[in-house]
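If you're wondering where the values come from, they're calculated on a predicted model, not measured in any experiment.
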Amino acid sequence: MYESYNALFAEHWKEQAGQDVTVIQSHGGSGKQALEVANGLEADVVTLALEGDVQVVADAGMIEDGFEDEFDQESSPYTSTIVFLVRKDNPKNIADWDDLLREDVGVITPNPKTSGGARWNYLAAWYYFESQGQSGEEITENMKTLYHNVLVLDSGARGATTTFAENFYRPSDPDVFSDYISTSGERVITELPADGKWIVDDIALTDIAHFGGWSEASAKHFADGGVFEAIHEQ
């Protein structure tokens, strides 16, 4: 997605300013990237997965206070959901988070201690079990089982996935979003529909406010001594 966006930006900047621009990309876990920029890595643009990582750069004096109020949607350029990428024809019939608890299922997800995207994965799973009416103890046990099934705990999402179809972020602009809502009624995507409409919109979504915001969620789940550490160690 960024390669495509960079090319469009370079063309736009050439037209607007008459200057050639070259973008050199660096990929890694969002938290790691934020720390490197805060510690002096020279970068003109940084794109991060979590508000907390943006705050790290702000705390280093590189972003003015109030950045989250400067644009709509708390200055988030897109929304996203967690998608399960399964083997061709889905031979194990994996459909929801419960299926990731089975003994015959192996999971690949990044490490939420180092990856922003992995924290979304973790919290999405937590929210699913919570929405089933489970107690805190039951949720924790299911999370232990899920992470016991993780075969490789990569440091970042780039190491844990390959490109999915093309870009497939969920647009934040409601007019653009509506153009891509699937009309097939199917909840499983096996190939990109001919009409280009791929977004399934009848799913239960939440946001980080459900967990008290990123500061509270990070302190409870991802800090040293937090819930994830206890789950993973056990």
Side-chain angles (χ1 to χ4, degrees), residues 1-83 85 108-122 124 152-180 189 192 196-199 207-208 214 218 222:
M1 192 279 287
Y2 290 112
E3 288 181 356
S4 300
Y5 194 90
N6 293 341
L8 291 170
F9 173 76
E11 181 180 344
H12 164 75
W13 191 252
K14 180 70 172 179
E15 293 175 354
Q16 178 175 300
Q19 297 174 325
D20 292 318
V21 62
T22 300
V23 180
I24 301 172
Q25 297 185 114
S26 171
H27 297 279
S30 181
K32 181 175 182 292
Q33 295 284 72
L35 286 173
E36 289 187 352
V37 172
N39 290 331
L41 176 69
E42 293 188 1
D44 298 302
V45 177
V46 61
T47 304
L48 302 167
L50 303 176
E51 177 188 333
D53 294 333
V54 180
Q55 190 62 51
V56 168
V57 181
D59 290 343
M62 300 180 187
I63 304 175
E64 294 180 357
D65 291 340
F67 65 86
E68 62 270 54
D69 300 320
E70 191 164 346
F71 299 99
D72 293 337
Q73 312 258 353
E74 296 184 339
S75 296
S76 297
Y78 53 81
T79 60
S80 190
T81 60
I82 308 307
V83 176
L85 184 62
I108 295 183
T109 183
N111 187 341
K113 295 283 283 187
T114 56
S115 166
R119 294 188 177 191
W120 285 117
N121 295 350
Y122 172 101
V152 179
L153 203 64
D154 282 299
S155 62
R158 184 174 176 82
T161 63
T162 55
T163 303
F164 177 68
E166 189 178 347
N167 298 323
F168 297 93
Y169 286 95
R170 293 169 70 89
S172 57
D173 185 312
D175 293 330
V176 177
F177 183 92
S178 64
D179 287 342
Y180 291 91
I189 298 173
L192 185 64
K197 297 181 183 296
W198 60 274
I199 292 178
D207 58 30
I208 196 61
W214 275 114
S218 297
F222 309 120

Kindly determine whether Gln55 and Trp214 satisfy side chain to side chain contact (heavy atoms under 4.5 Å, CB included), including the steps that lead there. CA-CA 10 Å; Gln55 190 62 51; Trp214 275 114; over 6 Å; no
After noting the C-alpha distance and the side-chain angles of Leu50 and Trp120, does the key distance pass the side chain to side chain contact (heavy atoms under 4.5 Å, CB included) rule? CA-CA 9 Å; Leu50 303 176; Trp120 285 117; 3.5 Å; yes
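Residue Gln16 places its CD atom among more than 12 non-hydrogen atoms of other residues, nucleotides or ligands, all under 6.0 Å distant. Summarising the local packing, CG of Leu8 is surrounded by more than 12 heavy atoms from other residues, nucleotides or ligands at distances under 6.0 Å. Residue Gln25 places its CD atom among more than 12 non-hydrogen atoms of other residues, nucleotides or ligands, all under 6.0 Å distant. Residue-environment remark: CD (Glu74) stays at or below the threshold of 12 foreign heavy atoms within 6.0 Å. At most 12 heavy atoms of other shown residues, nucleotides or ligands fall within 6.0 angstrom of atom CZ in Phe71. Counting non-hydrogen atoms of neighbouring residues, nucleotides and ligands closer than 6.0 angstrom, the NZ atom of Lys32 reaches no more than 12 such neighbours. Counting heavy atoms of neighbouring residues, nucleotides and ligands inside a 6.0 Å radius, atom CZ of Phe67 exceeds 12 of them. Enclosure of atom CG in Asn39 by more than 12 non-hydrogen atoms of other residues, nucleotides or ligands within 6.0 angstrom is indicated.
Taken to the nearest 0.5 Å, the CG atom of Asn6 stands 13.0 Å off from the CD atom of Glu11. Glu70 contributes atom CD, which lies 12.0 Å from atom CG of Asp65 (distance to the nearest 0.5 angstrom). Atom OG of Ser26 is separated from atom CD of Glu36 by 6.5 Å, given to the nearest 0.5 angstrom. Here Asp207 contributes atom CG and Ser76 contributes atom OG; the two are 9.5 Å apart, rounded to the nearest 0.5 Å. To the nearest 0.5 Å, atoms CD (Gln33) and OG1 (Thr47) are separated by 9.5 Å.
Between Ala10 and Val21 the shortest heavy-atom distance is CA-CG1, 3.5 Å. The shortest non-hydrogen separation linking Pro112 to Phe222 is CB-CE2, 3.7 Å. Residues Met62 and Val37 share a closest heavy-atom pair of CE-O, 3.2 Å. Shown here for Lys197 and Asp179, the closest heavy-atom pair between the two residues is NZ-O, 2.9 Å. Minimum interatomic distance between Asp173 and Asp175 (heavy atoms only, all atoms of both residues): OD1-N, 2.8 Å.
A 4.5 Å side-chain heavy-atom check between Leu48 and Val57 finds at least one atom pair inside the cut-off. Residues Ser75 and Glu51 form no side-chain contact, since every pair of their non-hydrogen atoms from C-beta on lies 4.5 Å or further apart.
His12 and Phe9 have tilted rings, their planes meeting at an angle from 30° to 60° on a 0 to 90° scale.
Taking Val56 as the reference, Ala34, Leu35, Ala38 meet the side chain to side chain contact (heavy atoms under 4.5 Å, CB included) condition, with sequence neighbours excluded.
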